[in-house]
Number of protein chains: 2
Amino acid sequence: MTMSRIAKIAGVSVATVSRALNYPEKVRPELRNRILEIARQYNYVYHAAAADLKRQKSNAIGVLFPTTIGPLFAETLMAIQEKIQEHHMALIVGNTMYSKAEEARLVKQFQERRVAGIIFTGYGLGQENLIRNLMRQNIFCVVTYENLEDTDINYVGFDNFKAAYDATNYLISLRHKRIGLIIGPYRKMGRLLKRFKGYQQALKDHGIQFDAALVVSTEPGLLEGKQAMRQLLHLPEPPSAVFAVSDHLAIGALSSIKQAGFQVPGDISLIGFDGVELAAYCDPPLTTVRVPARDMGRLATEVLMKSINNGVKRAMQYCLDADLIIRKSCSELK
Amino acid sequence: MTMSRIAKIAGVSVATVSRALNYPEKVRPELRNRILEIARQYNYVYHAAAADLKRQKSNAIGVLFPTTIGPLFAETLMAIQEKIQEHHMALIVGNTMYSKAEEARLVKQFQERRVAGIIFTGYGLGQENLIRNLMRQNIFCVVTYENLEDTDINYVGFDNFKAAYDATNYLISLRHKRIGLIIGPYRKMGRLLKRFKGYQQALKDHGIQFDAALVVSTEPGLLEGKQAMRQLLHLPEPPSAVFAVSDHLAIGALSSIKQAGFQVPGDISLIGFDGVELAAYCDPPLTTVRVPARDMGRLATEVLMKSINNGVKRAMQYCLDADLIIRKSCSELK
DNA sequence: GCAATTTATGTAAACGATTACATCACAATC
DNA sequence: GATTGTGATGTAATCGTTTACATAAATTGC
């Protein structure tokens, strides 16, 4: 079933059918209803590809994630999803698996489908040129999880440096001096690097010597957190507090600490990052930094929609708050 | 940049350009390279919509999830993702939010995009007609998380009844008689209903009287698990063991039990469902039923690809194993 | 009652690929 | 050397919409 077949049956032109379907107010109600009725009867299904071809754009938008495992990205994805569906658009997703090549492939795929826009989630280093290229091709982009202050790129992020600084600072305020850091592959990822620097700066600002032996860089994951913590525990002079830069890492670390027979926070204070709901259900409930995963998703999608509907305009940039959530996993050093 | 522009520049016909791009072996190497080079130079991007229109199908496939929060579905999604990307296809995702209407809207969207197939993840009740309709329109479907034995529908699932039966049975083997059940909205969802029945049957097979007061049906989620457990704890005669039919519910329940000052498994045995990695990192590590989330995703995608490539054929149906994983959260009733 | 405006509909040309079919050159066969 | 076969390329129709423009009919204003 196609519009022209419907047109034939209704004894009108395809233009009228198209209008009846897309701009109902443009066709006389009586006729419109007749057309709609025929479409329904014959099970007409709109052919998006044909429309996309003619209109030279689609109503699909692409989202790029490193991975969707881990509750954080899943929340952002969910928020994006909801907004997208509100706008009756389609969402094409891709996982880069932290690989540049895979990312390139996916972006190409998005271009081939002529997506209206792309949301980059927590992207790596230096995609700025890629994004500018896309914008030039009229594909609007937004970046989440980062703040790209001195660029002309849309973003909805938070201050990774400050968030890590605050967390470290909190530990210091509890008199901790030997503070371990368990962090993802920060050398490869802009926002992790910023967090690393936030940690360093907090130490520096309080006259605490940075000790490379106290930082473990690892892949994200529960097991990795556990292993990293074990490593820290075996240090000649183990830390009295640990900042695990993801709740998943922290939960892994927690299990390692308990297994070694230590108490949290009695023997070791532990602070996480992300603020996933789960952190509140740990034993003890995990102090953490809440990153605005849902809000970023929501806002980023809105920003994208605005860009798309109003043409380019100037960059829209939002830096949301990431708040320290104090629960029970940290205590003052005796 | 379009094929015909490239054709003009190269002094050949569009057909040749199309062939150079799609069936490289069909055009003389020298000419092919010249065309490819021009395409590269002029930043040619393939126009998927145009091809889809002409070919009357797309290389996109749709996936439907109730929601993507909760680690389980996220894992399945990830597995699907990987397979899809291996096949160089595009993945359109939609969240039904457990709503029939939303599901219908998304399916329509998929149809409009002429997806090659749809993966239904853990679908509700009686979509069988919907699916048969889609198949008739040449949109191949696979259902995961369910086994639809006596139908002609592709599925890659596991035996929900048996999985729940086994878990309950295990508790019974530890001499428990009052076994609580915390479960999602089983009245609305086929697979939850089957699990409920598995629980009932296990009781029955061991001569234990079913007690409706011991089952709490709730939305999935940590908080809900916690509340449900609280409710169970306040019973005049609380259960000595609880089967929480999702690890998330179980973790919520666990926190509730601890908060009330009871021990797991000393006072109350607890068993989860799903077998997410996280369950191993609880305190105590959670005994659970491992559902083959990744495998279902992988296999379902493969089944779909085969359907698509080979035309319809007979239904492919796989019932994978869901194993009981015994850890530390259950003990024998004294 | 006529011109001017508005509203409803039709006409037809795109959009950018794919592909059946036609053509042509050349090699292989007897 | 005529015939057949093979491989490379071209021709042109087609997929199902959208939309600028044309036209016709109805409404308005004076």
Side-chain angles (χ1 to χ4, degrees), chain A residues 1-36 38-39 42-60 90 108-116 137-138, chain B residues 1-36 38-39 42-60 88 90 108-116 137-139:
Chain A
M1 249 304 136
T2 67
M3 285 197 185
S4 50
R5 297 252 275 286
I6 294 180
K8 208 146 285 167
I9 295 169
V12 299
S13 75
V14 296
T16 304
V17 176
S18 172
R19 281 188 284 252
L21 260 35
N22 295 305
Y23 311 94
E25 76 285 358
K26 288 198 167 185
V27 33
R28 188 162 39 93
E30 177 200 0
L31 178 55
R32 181 208 314 155
N33 290 332
R34 192 150 59 83
I35 293 174
L36 261 34
I38 294 174
Y42 287 82
N43 261 313
Y44 168 74
V45 189
Y46 182 79
H47 200 303
D52 286 357
L53 171 58
K54 178 64 207 185
R55 254 200 254 114
Q56 295 290 57
K57 63 168 174 172
S58 81
N59 77 142
K108 186 167 149 242
Q109 198 180 69
F110 291 167
Q111 290 178 282
E112 291 180 351
R113 303 218 148 265
R114 300 296 189 268
V115 297
Q137 292 168 52
N138 244 329
Chain B
M1 250 305 138
T2 68
M3 284 195 184
S4 51
R5 296 252 276 287
I6 294 180
K8 206 145 286 165
I9 295 169
V12 299
S13 75
V14 295
T16 305
V17 175
S18 172
R19 281 188 284 253
L21 261 34
N22 294 304
Y23 310 94
E25 75 285 359
K26 288 198 167 184
V27 32
R28 190 162 39 93
E30 177 200 359
L31 178 54
R32 182 209 313 156
N33 289 332
R34 191 150 59 84
I35 292 174
L36 261 34
I38 293 175
Y42 287 83
N43 260 313
Y44 168 75
V45 189
Y46 183 78
H47 200 302
D52 287 357
L53 171 59
K54 176 65 206 184
R55 251 198 262 117
Q56 295 291 57
K57 64 166 176 175
S58 80
N59 77 142
H88 293 255
K108 187 168 148 241
Q109 199 181 68
F110 290 166
Q111 290 178 281
E112 292 180 350
R113 302 219 147 266
R114 300 295 189 271
V115 295
Q137 291 167 52
N138 244 327
I139 298 181

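Naming convention: chains lettered A, B, ... in sequence-line order (proteins, then strands); numbering from 1 in each chain.
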At their closest point, which heavy atom of B:L53 faces which heavy atom of A:A49, and how far apart are they?
N-CB, 4.2 Å

Between the CG atom in B:N59 and the CG atom in B:D52, the distance rounded to the nearest 0.5 Å is 6.5 Å

Inter-residue atom distance B:T16.OG1 - B:L31.CG, 0.5 Å rounding
6.5 Å

Quick one: B:I6 CD1 to C:dA17 C1', roughly how many Å, whole number?
12 Å

Side-chain (A:R19) to main-chain (A:K26) donor-acceptor, under 3.5 angstrom
no

Can you name the closest pair of heavy atoms from A:Y42 and A:M1 and give their distance?
O-CG, 3.3 Å

Hey, which sits more toward the 5' end of DNA chain D by its nearest nucleotide, A:Y23 or A:R5?
A:R5

What's touching nucleotides 7-10 of chain D from the protein side, N or O pairs under 3.5 Å?
unit_1 : atom_1 : unit_2 : atom_2 : d
D:dT9  : OP1    : B:R28  : NE     : 2.7
D:dT9  : OP1    : B:R28  : NH2    : 2.4
D:dT9  : OP2    : B:R28  : N      : 3.1
D:dG10 : OP2    : B:S13  : N      : 2.8
D:dG10 : OP2    : B:S13  : OG     : 3.1
D:dG10 : OP2    : B:T16  : OG1    : 2.5
D:dG10 : N7     : B:R19  : NH2    : 2.9
D:dG10 : O6     : B:R19  : NH1    : 3.4

Whole-Å distance separating the NZ atom of B:K57 from the P atom of C:dA17
18 Å

Report the C-alpha separation of B:V12 and B:V27 in whole Å, then their side-chain angles, then the decisive distance to 0.1 Å, and conclude whether the side-chain contact (heavy atoms from CB on, under 4.5 Å) test is met.
CA-CA 11 Å; B:V12 299; B:V27 32; over 6 Å; no

Starting at atom CG of B:N59, determine the distance to atom P of C:dT18, rounded to an integer number of angstrom.
12 Å

Does B:S58 have any side-chain hydrogen bond (donor to acceptor under 3.5 Å, both in side chains) partners at least two apart in sequence or in another chain, and if so, which?
none

Using whole Å, what does the distance between atom P of nucleotide D:dT17 and atom CG of A:L21 come to?
9 Å

When rounded to whole Å, the CD to P distance for the pair B:Q111 and D:dG16 reads 16 Å

Paired with A:E30, the side-chain hydrogen bond (donor to acceptor under 3.5 Å, both in side chains) test is passed by just one of A:R32, A:R34, A:R28, namely A:R28

Whole Å only: how far is the CZ atom of B:R55 from the P atom of D:dT17?
18 Å

How many angstroms lie between atom CD of A:Q137 and atom CG of B:N43, to the nearest 0.5 angstrom?
6.5 Å

Would the distance check show the side chain of A:R113 and the main-chain N or O of B:A48 forming a donor-acceptor pair, the cut-off being under 3.5 Å?
no

Which residues share a side-chain contact (heavy atoms from CB on, under 4.5 Å) with B:R114, sequence neighbours left out:
A:V45, A:H47

side-chain N/O A:Q56 vs D:dT18 OP1/OP2, d < 4.0 Å
no

Assess the residue pair A:K108 and B:Y46 against the criterion (side-chain contact (heavy atoms from CB on, under 4.5 Å)); give the C-alpha distance rounded to whole Å, side-chain angles, the decisive distance to 0.1 Å, and a yes or no.
CA-CA 9 Å; A:K108 186 167 149 242; B:Y46 183 78; over 6 Å; no

I need the minimum non-hydrogen distance between B:V115 and B:I139, along with the two atoms involved.
O-CG1, 3.9 Å

If you look at every heavy atom in B:A7 and B:S13, which pair is closest and at what distance?
CB-C, 3.7 Å

Contact under 4.0 Å: A:S4 side-chain N or O vs D:dG16 OP1/OP2:
no

A:I35 CD1 to C:dG10 P, straight-line distance once rounded to whole Å
8 Å

Given atom CZ of B:R114 and atom P of D:dC15, what is their separation to the nearest angstrom?
13 Å

Enter the inter-axis angle for the ends of the helix from C:dG1-D:dC30 to C:dC30-D:dG1 (five pairs per end, rounded to 10°).
30°

Interface with DNA chain C, restricted to residues 42-54 of chain B and to heavy atoms under 4.0 Å:
B:Y44, B:Y46, B:H47, B:A50, B:A51, B:L53, B:K54

Under-3.5 Å N/O pairs linking protein and nucleotides 22-28 of chain C:
none

